[in-house]
Amino acid sequence: MESAAEQKTVRTTAELVALVEALIFVADEPLTAKLLSEVLDDDRERVLAAVEELQREYESRESGLQIREIAGGWQLATRTEFHEEIRTFLKTRPSAKLSIASLETLAVIAYKQPVTVPEILEIRGVQSASAIKTLLDKRLIVAKGRKETVGRPMQYGTSKDFLIQFGLKDLSELPSIEDFEDLVQ
Amino acid sequence: MESAAEQKTVRTTAELVALVEALIFVADEPLTAKLLSEVLDDDRERVLAAVEELQREYESRESGLQIREIAGGWQLATRTEFHEEIRTFLKTRPSAKLSIASLETLAVIAYKQPVTVPEILEIRGVQSASAIKTLLDKRLIVAKGRKETVGRPMQYGTSKDFLIQFGLKDLSELPSIEDFEDLVQ
Amino acid sequence: MDQEREQYNFDFHKENAQIVRDSESVNIKIGDFAGPLDLLLFLIKQEQANIFDIPIARITEKYLEYIRLMTRLDITVATDFLVMAATLIEIKSKMLLPRDPKAVEDEEIDDPRQELVDRLLEYEKFKTAAGMLYERATVEQAVFARGPIESDDNTEVDASVFDILTIFQKIVARHVDEVKMEIEREEISLADMLKTLKRRLFEEKEISLLKFFEEMHSKRELVTAFIAVLEIVRTESVKLMQKVTFGDIILRMSEPPALAGG
């Protein structure tokens with residue numbers, strides 16, 4: 001208790017403002033004054049003043065960010081004016097990112113190509129239609145002609161873009177089960 | 001093209017700085033000058049100047065945050081001074097241990113990349129398979145194609161995550177391996 | 001993604017050779033060495049020896065002592081440690097060979113220890129580099145990235161080729177019956193192995209080590225056999241003989257020493 005009291009007096013306003021900023025930044029939801037004062041072991045009034053000071057700072061320097069009051073707490077967010085540019089940016093993010101369902105489907109196609117939708121269903125045990133559409137949209141897979149069997153289903157294989165995105169020269173560079181066994185023996 | 005050219009002249013330096021700040025904040029990994037200038041359709045030099053201006057701003061107002069150069073791009077992160085308070089707040093997540101064997105293997109891969117499993121064995125004098133598996137799982141290393149030699153073994157190199165987690169701008173920031181020779185008696 | 005960043009936390013500079021006895025359980029831990037080269041470097045430092053002039057006999061003895069200790073504590077000794085033991089014994093025997101007087105000027109080049117010294121020096125650089133990485137990771141622990149925001153799409157993952165393979169294997173595994181009974185082979189103890197070896201030696205007088213090792217059914221048994229051989233050489237009147245370098249090694253009962261006047 002003694003040391004906590006000491007700490008309170010030692011911390012300058014500037015330090016408190018900086019700390020509040022760092023905590024709001026790392027938090028995964030809006031931070032309340034109550035939680036801030038608990039964590040920092042500092043007076044609620046001083047914490048409130050620090051948040052206000054921080055808000056003024058962000059406003060006065062015309063930052064691209066703002067300290068926004070929401071759901072009884074504060075969070076760091078982009079300024080609304082920039083929504084368009086941010087949306088453009090979010091669209092350009094590398095498309096190697098995939099949902100687990102798409103990734104599973106891609107794995108089956110990569111190792112079993114050429115492979116049909118019913119065959120993928122059999123291996124994964126779930127419908128993969130939307131995953132296949134995503135993969136086609138992202139150009140990670142391509143149609144590889146029809147299989148000469150009942151219903152002549154379309155076969156799929158990986159594309160050149162797939163090789164580029166996963167840094168492979170050709171399909172023989174895909175790690176094999178043997179490569180993996182070497183690692184877990 | 002016409003409107004893009006117009007836009008370039010319209011945007012003020014202050015606006016550019018604010019936009020760069022918003023985008024660096026939104027990005028979930030270090031943002032490169034290339035991507036910034038593509039998204040903003042602005043000159044690379046102007047973008048670079050804006051980032052520098054932003055860095056200065058954060059420093060001069062003694063913010064709790066910093067714009068740091070890492071893995072070939074920029075990232076918004078907390079300042080080191082506040083790590084104790086932040087850890088208290090985040091309740092210190094369980095820490096994953098990287099064993100000495102894994103760290104040694106990582107060092108060999110970082111300096112000798114691209115490098116195969118037998119080459120790592122030669123330097124370390126011990127099987128490194130489980131360490132390599134750990135490093136792959138933690139995404140610190142990636143497969144870098146096969147070596148055109150007997151058995152076409154898989155080669156490994158460090159990843160972007162390696163640069164991020166070890167706070168490196170790029171691989172050239174690693175001290176030269178020969179520098180460690182002097183420390184050896 | 002960044003906030004998922006894992007933090008590395010372990011004592012890199014811990015005392016390697018420390019043996020920790022956990023009295024609560026039967027669990028006995030031994031400060032693990034990152035490999036045989038790591039153990040050798042430790043022993044060289046402990047013996048305050050010069051790496052460029054390694055007292056091979058002394059270091060080999062210490063090395064084997066450590067391996068025996070590990071076996072006694074029932075720690076599986078990795079084969080790489082045994083390979084190094086064999087290398088040390090080989091270097092030791094080479095150093096005992098009388099030098100070819102004509103080769104005097106080539107003495108330095110012919111030093112049987114040279115290759116090992118080179119490897120140790122090369123290895124130590126990377127060991128130091130590993131320490132540097134550890135320091136860097138520690139510093140990085142003090143920096144935190146932002147918490148998640150709306151635009152982060154948590155359902156998507158950034159995949160690598162190995163993720164694709166792992167995922168494929170998991171899918172395949174779903175179909176495979178996982179009930180695979182692994183029949184555990186009865187493991188033979190060091191004492192039993194020693195008994196077998198002594199009996200065989202008594203009966204056959206000479207044993208080919210290569211053949212003896214080939215009879216072993218598992219890595220574990222092989223290690224036990226290796227230790228048994230080391231033990232028997234140390235404690236009994238037994239000789240190890242090798243006709244050509246890298247050739248088979250013969251284990252043979254020694255002639256009883258001729259008694260004076262007998």
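Every chain is numbered from 1, with letters handed out A, B, ... down the list of sequences.
- Proximity to chain B (any heavy atom under 4.5 Å) is restricted, for A:Glu57, to the side chain, taken from C-beta onward.
- The residues B:Arg56 and B:Glu59 are annotated as not salt-bridged, no charged nitrogen and carboxylate oxygen being separated by less than 4.0 angstrom.
- Of the listed residues (B:Val17, B:Val142, B:Leu76), the one with the most heavy-atom contacts under 4.5 Å to chain A is B:Leu76.
- Taking B:Arg61, B:Glu62, B:Lys144, B:Glu15 one by one and counting their heavy-atom pairs under 4.5 Å with chain A, the maximum is reached by B:Arg61.
- Checked by atom type and distance alone, the side chain of A:Asp43 never pairs as donor or acceptor with a backbone atom of A:Glu45 at under 3.5 Å.
- With respect to chain B, the highest number of heavy-atom pairs below 4.5 Å among A:Val20, A:Asp170, A:Leu19 belongs to A:Leu19.
- To the nearest 0.5 Å, atom OG1 of residue A:Thr88 and atom CZ of residue A:Phe82 are 13.0 Å apart.
- Rounded to the nearest 0.5 Å, atoms CZ (B:Arg146) and CD (B:Gln155) are 10.0 Å apart.
- In this structure, chain B has no heavy atom under 4.5 Å from any part of A:Leu168.
- Looking at B:Arg79, there are no atoms closer than 4.5 Å to chain A (heavy atoms on both sides), in backbone or side chain.
- With a 4.5 Å cut-off on non-hydrogen atoms, A:Ala27 touches chain B through its backbone and its side chain both.
- In this structure, the separation between CD1 on A:Ile132 and CG on A:Asp137 is 12.0 Å, given to the nearest 0.5 Å.
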Verdict with supporting geometry, B:Tyr58 and B:Glu21, side chain to side chain contact (heavy atoms under 4.5 Å, CB included): CA-CA 11 Å; B:Tyr58 272 86; B:Glu21 185 181 16; 2.5 Å; yes
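- Neither the backbone nor the side chain of A:Ile24 comes within contact range of chain B; no heavy atom of the residue lies under 4.5 Å from a heavy atom of that chain.
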